[in-house]
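First up is the structure itself, then whatever we jot down about it.
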Amino acid sequence: MSEAVTRESMAYDVVIVGGGPAGLAAAIRLKQLDTEISVCLLEKGSEIGAHILSGAVLDPKALTELIPNWKDKGAPVETAVTQDRFWFFTQSAAIALPHILFPPLMSNRGNFIVSLSNLCKWLGQQAEALGVEIYPGFPAHDLIIEDGVVKGVITGDLGVAKDGHHKDGYTPGMELRAKYTLFAEGARGSLSKQLGEKFGLHDGREPQKFGIGLKELWELPAAQHQKGLVLHGMGWPLNNDTGGGLFMYHWGDNFCSIGFVVHLNYKNPWLDPFGEFQRAKTHPAIAKILASGKRIGYGARAITEGGTQSVPKLSFPGGALIGCAAGFVNLPRIKGSHNAMKTGMLAADAAAGAIKAGRAGDTLEDYDRAYAQSWVAKDLYLVRNAKPLWSRLGSLLALPFIGLDMWTNQLFGFSLFGTLGHGEPDFATLSPAAGSIKIAYPKPDGILTFDRASSVFLSGTNHEEDQPVHLRLRDPAIPISVNLPEYGEPAQRYCPAGVYEVIEESTGPRFQINAQNCVHCKTCDIKDPAQNITWVTPEGGGGPNYTNM
Ligand SMILES: Cc1cc2nc3c(=O)[nH]c(=O)nc-3n(C[C@H](O)[C@H](O)[C@H](O)COP(=O)(O)OP(=O)(O)OC[C@H]3O[C@@H](n4cnc5c(N)ncnc54)[C@H](O)[C@@H]3O)c2cc1C
Ligand code: SF4
């Protein structure tokens with residue numbers, strides 16, 4: 001039973017939800033523009049960077065605009081890209097694709113291999129030095145909307161038991177009110193999703209598309225480490241109908257970030273993205289590099305893939321979406337952090353201008369206009385057909401067409417295809433389990449390939465166990481009565497953390513949710529075919545604790 005609570009309330013000029021590149025860039029920019037503007041930033045992770053998972057090859061364009069002397073200030077951006085390779089995998093061969101296939105926009109010259117988690121920690125320090133109030137371990141759980149205007153957010157309560165009663169030490173969440181609230185929750189933000197529905201932000205746009213990105217951090221023996229190497233691959237183990245691919249980045253003294261993205265419009269409900277990633281590492285060309293190395297980190301996170309066609313209306317009364325909460329990833333470049341930072345800065349410009357003019361709670365149309373004129377919009381426009389072509393043609397045929405389309409766009413500013421749509425949202429693409437081919441994944445060897453349990457352990461994931469389940473089922477019967485017979489309950493496979501299980505009991509199958517394992521990737525909220533799962537923020541500080549990710 002929930003009990004009536006009285007909440008404390010604090011007021012700021014701007015409240016920012018999320019301490020990723022978008023939220024931190026917005027916070028820094030606001031203070032650079034006017035030190036008098038009061039800025040509060042909430043982060044659900046135990047510290048800034050704890051929930052940040054990315055590749056990451058950084059295009060430093062936005063960082064340089066924000067903090068031109070980032071090098072002198074000691075930003076953890078140290079490994080310059082020295083080799084840029086693209087491979088097409090068959091089961092036994094790795095075929096190097098020529099650079100000429102892709103236009104210059106795809107080049108990684110001038111880019112850096114980083115840990116985005118570490119970069120965010122550093123950005124957090126810069127923001128605090130400018131006077132931004134940062135509260136890690138405080139998720140924004142609810143919206144405050146009054147008279148159709150977003151007035152701020154309410155942080156999550158602490159000390160609520162699984163059954164809803166208040167435990168000893170219960171502390172109600174606070175109301176944080178603001179003239180403008182910027183939502184920087186990243187891909188599939190829980191409040192951003194509500195805002196999209198409430199204000200019709202996606203009306204007239206193509207549905208947002210997503211991938212699930214899984215990543216491991218390895219330490220390699222010196223002889224196998226090629227500092228500055230960027231390697232992207234597609235093809236095996238995915239079949240032609242399933243989009244995605246592998247990335248491998250060598251950085252620091254001996255770190256190797258290796259990851260795998262599976263586009264969430266995949267059709268076969270038996271597909272297991274985690275299993276595909278494990279298989280990808282067994283390719284001879286990859287296994288050779290990882291041999292005698294040690295896996296030291298694991299995580300997963302959804303990535304936006306819809307591009308320009310899916311960018312929603314960005315502002316609404318009292319606030320705006322920034323970064324991947326709106327979705328600004330350039331899919332063929334697999335880069336979104338520069339665009340996340342830049343959109344944070346553009347929204348900050350608009351909010352600071354409005355506050356200076358004495359406004360509050362109105363719609364920051366200046367931000368929508370600035371985005372439309374920005375290099376972010378151009379960045380996305382040039383590659384707008386990559387995802388639709390990939391979805392329509394399959395990986396093999398799409399590759400030359402995507403290359404041709406990006407070339408004509410970059411050289412002549414036009415596309416033979418105009419602007420293609422995405423079609424169905426990702427939750428609607430599964431085929432029935434009955435007619436789909438079952439995929440047999442090899443058993444992990446514990447050296448090169450691993451199981452989910454040991455992987456989640458490496459992510460440092462931790463949640464208070466006695467709290468309400470943060471994966472809410474609209475109808476608890478659906479997993480067993482609908483999803484199991486139709487699709488073999490795919491949540492058992494698409495969840496990279498083993499949160500969802502179907503347990504066979506004498507009374508029949510039972511759906512179990514191991515919420516404490518959740519790494520906050522948001523895939524279930526996106527891919528559940530019945531759209532029955534809603535991810536909400538758990539108690540503050542819960543979730544992964546990523547290091548060097
Ligand atoms: C596997 C993978 C590889 C990638 N590789 C690259 C790459 O090589 N180069 C590149 O440029 N981009 C890459 N990207 C994309 C890039 O990571 C994103 O574009 C970028 O992180 C988006 O930044 P953001 O600030 O919008 O969101 P995020 O980085 O997702 O940050 C959001 C933050 O908000 C917090 N948060 C969310 N909801 C709440 C809430 N309600 N209350 C409080 N806090 C909240 C989260 O904990 C998180 O810290 C990759 C992404 C993935 C998944
Ligand atoms: S429960 Fe959902 S959000 Fe959590 S790890 Fe699994 S798929 Fe990701």
Side-chain angles (χ1 to χ4, degrees), residues 16-26 41-45 47-59 62 108 111 113-114 116-117 119-120 135-142 153 155-156 183-192 210-215 230 232 247 249 257 259-261 273 299-304 321-330 333-341 343-344 452 456 459 461 470-471 491 494-500 513-515 517-528 533 535-538 540 543-544 546 549:
I16 298 172
V17 178
L24 291 162
L41 185 147
L42 299 173
E43 167 54 49
K44 65 180 164 64
E47 59 174 340
I48 294 289
H51 287 184
I52 299 294
L53 182 131
S54 190
V57 176
L58 177 79
D59 177 340
N108 277 311
N111 294 338
I113 305 172
V114 300
L116 193 63
S117 163
L119 179 59
C120 285
Y135 296 108
F138 283 85
H141 192 268
D142 293 298
V153 292
T155 63
F183 293 84
E185 296 177 291
R188 196 63 159 202
S190 45
L191 296 181
S192 310
F210 296 92
I212 173 174
L214 305 109
K215 176 176 164 182
V230 164
H232 291 117
F247 64 85
Y249 309 142
S257 296
F260 200 78
V261 175
R301 181 79 173 95
I303 179 169
T304 59
L321 303 180
I322 60 179
C324 281
F328 296 113
V329 169
N330 179 320
R333 294 184 76 202
I334 328 179
K335 285 186 189 59
S337 25
H338 61 310
N339 289 344
M341 289 181 73
T343 54
R452 280 174 165 81
V456 174
S459 71
T461 298
H470 71 280
L471 302 144
Y494 62 60
C495 172
V499 169
Y500 300 106
I513 303 181
N514 308 309
N517 285 356
C518 175
V519 296
H520 297 200
C521 74
K522 313 288 181 74
T523 302
C524 50
D525 195 292
I526 298 164
K527 187 63 179 170
D528 177 49
I533 304 175
W535 188 99
V536 300
T537 55
Y546 294 138
M549 291 293 263

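Residue numbers run from 1 in the order of the sequence given. These numbers come from the heavy atoms of this one structure, side chains and all, not from hydrogens, waters or symmetry mates. Bear in mind that the values here come from a model prediction, so they are computed numbers and not experimental data. Counting starts at 1 for both ligands and their atoms, in listed order.
Among the atoms of Ala22, some N or O lies under 3.5 angstrom from an N or O of ligand 1. Between Ser54 and ligand 1, an N or O atom pair is found at a separation short of 3.5 Å. For a threshold of 3.5 Å applied to N or O pairs, the pair formed by Ile334 and ligand 1 contains at least one separation below that value. Between Phe247 and ligand 1, no pair of N/O atoms sits closer than 3.5 Å. Not one N or O of Val329 is nearer than 3.5 Å to an N or O of ligand 1, by distance alone. For Leu214, no nitrogen or oxygen atom sits less than 3.5 Å from a nitrogen or oxygen atom of ligand 1, counting backbone and side chain alike. Below 3.5 Å of separation, one finds an N or O of Val57 facing an N or O of ligand 1.
Residue contact check: Ser337 has heavy atoms under 4.0 Å from atoms 10 (C), 11 (O), 12 (N), 19 (O) of ligand 1. Residue contact check: Ala184 has heavy atoms under 4.0 Å from atoms 32 (C), 33 (C), 34 (O) of ligand 1. Per-residue contacts place Gly20 under 4.0 angstrom from the following atoms of ligand 1 (heavy atoms of the residue considered): 25 (O), 31 (O), 33 (C). For ligand 1, the atoms lying closer than 4.0 Å to a non-hydrogen atom of Ile52 are 29 (O), 31 (O), 48 (C), 49 (O). Counting the atoms of ligand 1 from 1 in the order shown, those under 4.0 Å from a heavy atom of Gly323 are 26 (O). Close approach of ligand 1 to Pro139 (heavy-atom distance below 4.0 Å) involves ligand atoms 42 (N), 43 (C). Of all atoms in ligand 1, listed by their number and element, those nearer than 4.0 Å to a heavy atom of Thr537 are 41 (N). Close contacts of ligand 1 with Lys335, meaning ligand atoms under 4.0 Å from a residue heavy atom, involve 9 (N), 10 (C), 11 (O), 12 (N).
The number of heavy atoms from other shown groups lying within 6.0 Å of OH (Tyr494) is above 12.
Asn514 contributes no side-chain N or O that, together with a main-chain N or O of Asn517, makes up a donor-acceptor pair within less than 3.5 Å. Remark: side-chain polar atoms of Thr523 are not paired, donor with acceptor, to backbone N or O of Cys495 under 3.5 angstrom. Here the side chain of Asp525 pairs a donor or acceptor atom with the backbone of Trp535 at under 3.5 angstrom. No donor-acceptor pair closer than 3.5 Å links the side chain of His338 to the backbone N or O of Leu58.
Residues His470 and His141 keep their aromatic ring centres 6.0 Å or farther apart.
When only non-hydrogen protein atoms are considered, atom 12 (N) of ligand 1 lies nearest to Gly336 N, 2.9 Å. In this structure, atom 53 (C) of ligand 1 lies nearest to the protein heavy atom Arg301 O, 3.5 Å. The protein heavy-atom contact nearest to atom 18 (C) of ligand 1 is Cys324 SG, 3.8 Å. Closest to atom 42 (N) of ligand 1 among all protein heavy atoms lies Ala140 N, 2.9 Å. Nearest protein neighbour of atom 47 (O) of ligand 1, counting heavy atoms only, is Glu43 OE2, 2.7 Å. From the protein, the heavy atom lying nearest to atom 52 (C) of ligand 1 is Ile303 CD1, 3.9 Å. Here the protein heavy atom with the shortest distance to atom 27 (O) of ligand 1 is Gly186 CA, 3.2 Å. Counting only heavy atoms of the protein, atom 21 (O) of ligand 1 lies nearest to Leu116 CD2, 3.5 Å.
At a heavy-atom cutoff of 4.0 Å, ligand 1 is contacted by no atom of Asn339, backbone or side chain.
Rounded to the nearest 0.5 Å, atoms CZ (Arg301) and NZ (Lys215) are 13.5 Å apart. Note: Glu43 CD to Cys120 SG = 8.5 Å, rounded to the nearest 0.5 Å. Once rounded to the nearest 0.5 Å, the distance linking CD1 of Ile212 with CD1 of Ile303 reads 11.5 Å.
Side-chain contact between Val329 and Cys324 is present, with at least one heavy-atom pair separated by less than 4.5 Å. With contacts defined as side-chain heavy-atom distances shorter than 4.5 Å, the pair Leu471/Cys524 qualifies.
What you find for Ala56 and Leu116 is that their closest heavy atoms are CB-CB, 4.3 Å. When all heavy atoms of Leu53 and Gly213 are compared, the closest pair comes out as CD2-O, 4.2 Å. Taking all atoms of both residues into account, the shortest heavy-atom contact from Gly55 to Ser257 is O-CB, 3.5 Å. Minimum interatomic distance between Gly323 and Thr343 (heavy atoms only, all atoms of both residues): N-OG1, 3.0 Å.
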Problem - Test side chain to side chain contact (heavy atoms under 4.5 Å, CB included) applied to Asn111 and Arg333, step by step - result: CA-CA 12 Å; Asn111 294 338; Arg333 294 184 76 202; 4.0 Å; yes
Practice task
Evaluate the criterion side chain to side chain contact (heavy atoms under 4.5 Å, CB included) for residue pair Tyr500 and Ile533; output intermediate values, then yes/no.
Solution key: CA-CA 11 Å; Tyr500 300 106; Ile533 304 175; 3.5 Å; yes
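The number of protein N/O/S atoms found under 2.8 Å from atom 2 (Fe) of ligand 2 is 1.
Contact between Val261 and ligand 1 is absent, with no heavy atom of the residue lying under 4.0 Å from the ligand. Using a non-hydrogen distance threshold of 4.0 Å, Gly259 does not register as a contact of ligand 1. In this structure, Gly189 has no heavy atom closer than 4.0 Å to ligand 1.
No salt bridge links Asp59 with Lys335; every basic N to acidic carboxylate O contact stays at or beyond 4.0 Å.
Considering Ile16, Leu119, Leu41 in turn, Leu41 is the only one that fulfils the side-chain contact (heavy atoms from CB on, under 4.5 Å) rule with Leu24.
When His520, Arg188, Lys44 are ranked by how near their heavy atoms come to atom 44 (N) of ligand 1, first place goes to Lys44.
The aromatic rings of Phe247 and Tyr249 lie parallel to each other, with less than 30° between the two planes, well short of the 60° mark.
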